[in-house]
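For reference, the structure is listed below as structure tokens.
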Amino acid sequence: MASPHPLLVFDHAARAYGEVTAVAGVSCTIAAGSFVALVGASGSGKSTLLKMVNTLVEPTGGKVLFGGEDVTTLPPARLRRRVGYVFQGIGLFPHMSVAENIAIGPRLTGETLPPERIAELLELVELEPGMASRMPDELSGGQRQRVGVARALAGEPELLIMDEPFGALDPITRDALGTKVRELHERLGLTTVMVTHDMAEALLLADRVLVMDAGQLVADETPRALLAGAGGEVAQSLVAVPRQQAERLAAMESPGEIPH
Ligand SMILES: Nc1ncnc2c1ncn2[C@@H]1O[C@H](COP(=O)(O)OP(=O)(O)O)[C@@H](O)[C@H]1O
Ligand SMILES: [Mg+2]
């Protein structure tokens, strides 16, 4: 099999806000079809790096190439159709129905989504077609994030970028949605970049984990390599959290231990 072409390339991509360097020259290549997690502490530059992809933020240095083209040269409405974006937190427009929220992206490029297509998108994220007429405040947090994913998929994007999509959800809902997104990634042949501060989620869902620290990309490893100790100090300090939890649980299950 030929090696997959790079769909997304960060070429010394940098972003400063006045004196603050949010992203300090990140270079990496993301192959078509891969599922990449972007992990790092709060303020390490994850959201800024992601927003450079769909030009919500313009680089102050370097470039971001999508399909070989500098994103800043592509018409924003067309680019944002090819790049589905799931916002950090909730991010639905509260005054619009579920159907209107889902259809907003295509509408910006002059297309009206028919009700059948809305129903199909709801089905993809396992919501009833009747949800189309609901308002966001009539949904649970998990249902809202499902709508957020349906909205990101509405334009049939090649690339899905997600900014801590499940951060505000309870662990069970979060796990179910993560698994769902991974399944949709396979089924729709997407390339996915997901920001998360949760290393356990990254290790479980991604093919590759990028670690950011103070605006720099400090590790780019497979989950297997990270679990085997690769990636350096910052990456390993993040891997230590789920590992210690797993070890404590295993200790509770081993004979002779009485859990309290
Ligand atoms: N619009 C902005 N104006 C000024 N500083 C910003 C802005 N957006 C982000 N920053 C700063 O850039 C750094 C990286 O932020 P961000 O990309 O949001 O990190 P993360 O998503 O990893 O939490 C932080 O220091 C943040 O305060
Ligand atoms: Mg962020």
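For clarity, every value in this text was computed on a predicted model and none was experimentally measured. Numbering of residues begins at 1 and proceeds along the displayed sequence. Counting starts at 1 for both ligands and their atoms, in listed order.
Side-chain atoms of R80 and T55 form a donor-acceptor pair, as typed in the model, at a separation below 3.5 Å. A donor-acceptor contact under 3.5 angstrom links the side chains of T72 and D70, judged on distance only. When only modelled atom types and interatomic distance are considered, T48 and R15 share no side-chain donor-acceptor pair under 3.5 Å.
Here L210 contributes atom CG and L49 contributes atom CG; the two are 8.0 Å apart, rounded to the nearest 0.5 Å.
Among protein residues, Y17, V20, A22, A41, S42, G43, S44, G45, K46, S47, T48 come within 4.0 Å of ligand 1, judged on heavy atoms.
Exactly one residue among R182, H185, R224 makes a side-chain hydrogen bond (donor to acceptor under 3.5 Å, both in side chains) with D207. That residue is R182.
In this structure, T29 and R208 approach most closely via the heavy-atom pair O-NH1, 2.9 Å.
Residues L50 and F87 fall within the same hydrophobic cluster, defined by Ile, Leu, Val, Met, Phe, Trp and Tyr side chains chained together at heavy-atom separations under 4.5 Å.
With a 4.5 Å cut-off between side-chain heavy atoms of Ile, Leu, Val, Met, Phe, Trp and Tyr, the cluster of V234 takes in V39, M199, L203, V209, V211, V218, L226, L227, L238, V239.
Here the protein contributes S47 OG as N, O or S atoms under 2.8 Å from the Mg ion (ligand 2).
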I'd like a table of donor-acceptor pairs (distance under 3.5 Å, sequence neighbours excluded) in which one partner is a side-chain atom from residues 152-164, with atom names and distances.
unit_1	atom_1	unit_2	atom_2	d
E158	OE1	R82	NH2	3.4
E158	OE2	R82	NE	2.8
D163	OD1	S47	OG	3.3
D163	OD2	S47	OG	2.7
E164	OE1	H197	ND1	2.6

